[in-house]
Amino acid sequence: MSTSSSVSEQRRLMTLKASDGIIFLVEEPAAILLGTIKNMVDKAGCGMVRNGMIPIPNVDSKTLGLMLEWCKKHAEAAEECFGGGSEAKRKIAAELKEWDAKFVENMDQAILHDLLIAADYLEASDELITLLTKRVANILKGKTAERIRREFNIPNDFTPDEEERIRKRLSSWVSYAN
């Protein structure tokens, strides 16, 4: 038996239950990339884990599934990097960066929103939060405030006079910075 198969046989599977009742089995190294789950596991004796199951009451199965997909990929990459040379680590990092880009490439705003809320709730790694916020920034890039308000259903609570004052102030800051 190879070392890698004996390691994977010894891995502990964790059972997570999404808010809509869907159950996920995930290996511990992937699950503990979410700080909230790691804390629950660390404090398992305090009743947060019920019958070996970790309830995730504020995250639906679609969102949790996507988060766990990201965690699994990153846990696998971390394992592959372990003990590898610097060239292998660079290759894995490049592949992971490409995978991350594809992961968020076609996500719509609703999914991004749900993932960001869940990432905050589950204390996801800064890597995931940065990936998601960069995707949101790319969606916003080059759009006017009015278009952003329309697309994200954000009410405009400024009067026309207040908007004009803000525009003047911003234009003076921009000209000052240049």
Side-chain angles (χ1 to χ4, degrees), residues 7-82 92-93 95-141 143 145-158:
V7 169
S8 62
E9 288 173 14
Q10 296 172 357
R11 288 236 172 94
R12 186 166 77 160
L13 285 177
M14 305 187 78
T15 307
L16 309 178
K17 185 177 182 181
S19 63
D20 52 6
I22 303 297
I23 306 290
F24 292 88
L25 289 176
V26 62
E27 290 183 352
E28 186 174 10
I32 63 173
L33 288 177
L34 302 171
T36 300
I37 293 173
K38 182 179 184 330
N39 291 337
M40 286 180 175
V41 170
D42 290 346
K43 299 173 184 177
C46 70
M48 295 173 119
V49 179
R50 295 186 190 103
N51 300 323
M53 185 176 306
I54 300 173
I56 312 294
N58 296 332
V59 182
D60 65 28
S61 59
K62 181 177 181 181
T63 306
L64 185 58
L66 286 168
M67 292 196 71
L68 293 175
E69 178 183 353
W70 185 91
C71 289
K72 180 180 177 190
K73 184 66 175 177
H74 280 255
E76 289 170 354
E79 185 177 297
E80 289 175 25
C81 283
F82 184 74
I92 292 166
E95 289 170 356
L96 192 58
K97 185 175 181 178
E98 184 179 322
W99 186 91
D100 279 351
K102 288 179 182 174
F103 180 72
V104 296
E105 185 175 47
N106 295 314
M107 279 188 184
D108 65 32
Q109 293 169 5
I111 292 171
L112 280 167
H113 174 265
D114 291 347
L115 279 171
L116 279 165
I117 297 297
D120 181 56
Y121 171 69
L122 293 172
E123 298 173 16
S125 76
D126 289 343
E127 276 183 86
L128 177 57
I129 293 171
T130 299
L131 177 69
L132 296 171
T133 54
K134 281 183 178 180
R135 175 68 179 126
V136 171
N138 285 334
I139 290 172
L140 298 177
K141 192 184 294 184
K143 295 183 179 172
E146 189 54 41
R147 184 165 174 199
I148 292 168
R149 282 190 198 106
R150 266 196 323 272
E151 288 186 22
F152 287 88
N153 297 317
I154 300 170
N156 183 358
D157 54 356
F158 291 114

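Hydrogens, waters and symmetry mates play no part in the numbers below; they use all other heavy atoms, side chains included.
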- Can you tell me how far CG of Leu131 sits from CG of Leu128, rounded to the nearest 0.5 angstrom? 6.5 Å
- Query: Looking at side-chain heavy atoms only, is the closest gap between Asn58 and Leu122 below 4.5 Å?
  - Reply: no
- Query: If you look at every heavy atom in Ala124 and Met67, which pair is closest and at what distance?
  - Reply: CB-CE, 4.0 Å
- Search all heavy atoms of Leu33 against all heavy atoms of Cys71 and return the closest pair with its distance. CD1-O, 3.3 Å
- Between Met107 and Leu115, is any pair of side-chain heavy atoms under 4.5 Å apart? yes
- Task: Calculate, to the nearest 0.5 Å, the distance between atoms CD1 and NZ belonging to Ile22 and Lys17 respectively.
- Result: 10.0 Å
- Are the charged groups of Lys73 and Glu69 less than 4.0 angstrom apart, N to O? no
- Message: Please report the interatomic distance CG(Leu34) to CG(Leu16), rounded to the nearest 0.5 Å.
- Response: 8.0 Å
- Message: If you define the side chain from C-beta out and look only at heavy atoms, does anything of His113 sit under 4.5 Å from Phe152?
- Response: no
- Over 12 non-hydrogen atoms of neighbours within 6.0 angstrom of CG in Asp108: yes
- More than 12 heavy atoms from other groups under 6.0 Å of NZ on Lys62: no
- Give, for atom CD of Glu80 and atom CD of Glu95, the distance between the pair rounded to the nearest 0.5 Å. 7.5 Å
- Rounded distance [0.5 Å steps], CD1 in Ile32 versus CE in Met40: 14.5 Å
- Query: Under 4.5 Å between any side-chain heavy atoms of Ile56 and Phe24, yes or no?
  - Reply: no
- Message: Between Arg149 and Glu146 (salt bridge meaning N to carboxylate O under 4.0 Å), is one present in this structure?
- Response: yes
- Query: Hey, mind stepping through Asn39 and Glu123 against side chain to side chain contact (heavy atoms under 4.5 Å, CB included) and telling me if it holds?
  - Reply: CA-CA 10 Å; Asn39 291 337; Glu123 298 173 16; 3.6 Å; yes
- Hey, does the side chain of Ser19 reach the backbone of Val59 with a donor-acceptor pair shorter than 3.5 angstrom? yes
- Message: Any non-hydrogen side-chain atom of Asp20 less than 4.5 Å from a side-chain atom of Ser61?
- Response: yes
- How long is the gap from CD1 on Ile148 to CG on Asn153, to the nearest 0.5 Å? 13.0 Å
- Item | Side chain to side chain, Asp114 and Ile117, heavy atoms closer than 4.5 Å | no
- Message: Strictly distance-based, threshold 3.5 Å: is any side-chain N or O of Asp120 a donor or acceptor partner for the main-chain N or O of Leu116?
- Response: no
- Flag the pair Leu112 / Ile139 as yes when at least one side-chain heavy-atom distance between them is below 4.5 Å, and no otherwise. yes
- Item | Validation row: Leu13, Glu27 side chains within 4.5 angstrom (heavy atoms) | yes
- Item | Gln109 to Glu151 - nearest heavy-atom pair and separation | OE1-O, 3.2 Å
- Message: Checking Leu132 against Val104 for the side chain to side chain contact (heavy atoms under 4.5 Å, CB included) test, could you report, in this order, the C-alpha distance in whole Å, the side-chain angles of both residues, the deciding distance, and whether it holds?
- Response: CA-CA 7 Å; Leu132 296 171; Val104 296; 4.0 Å; yes
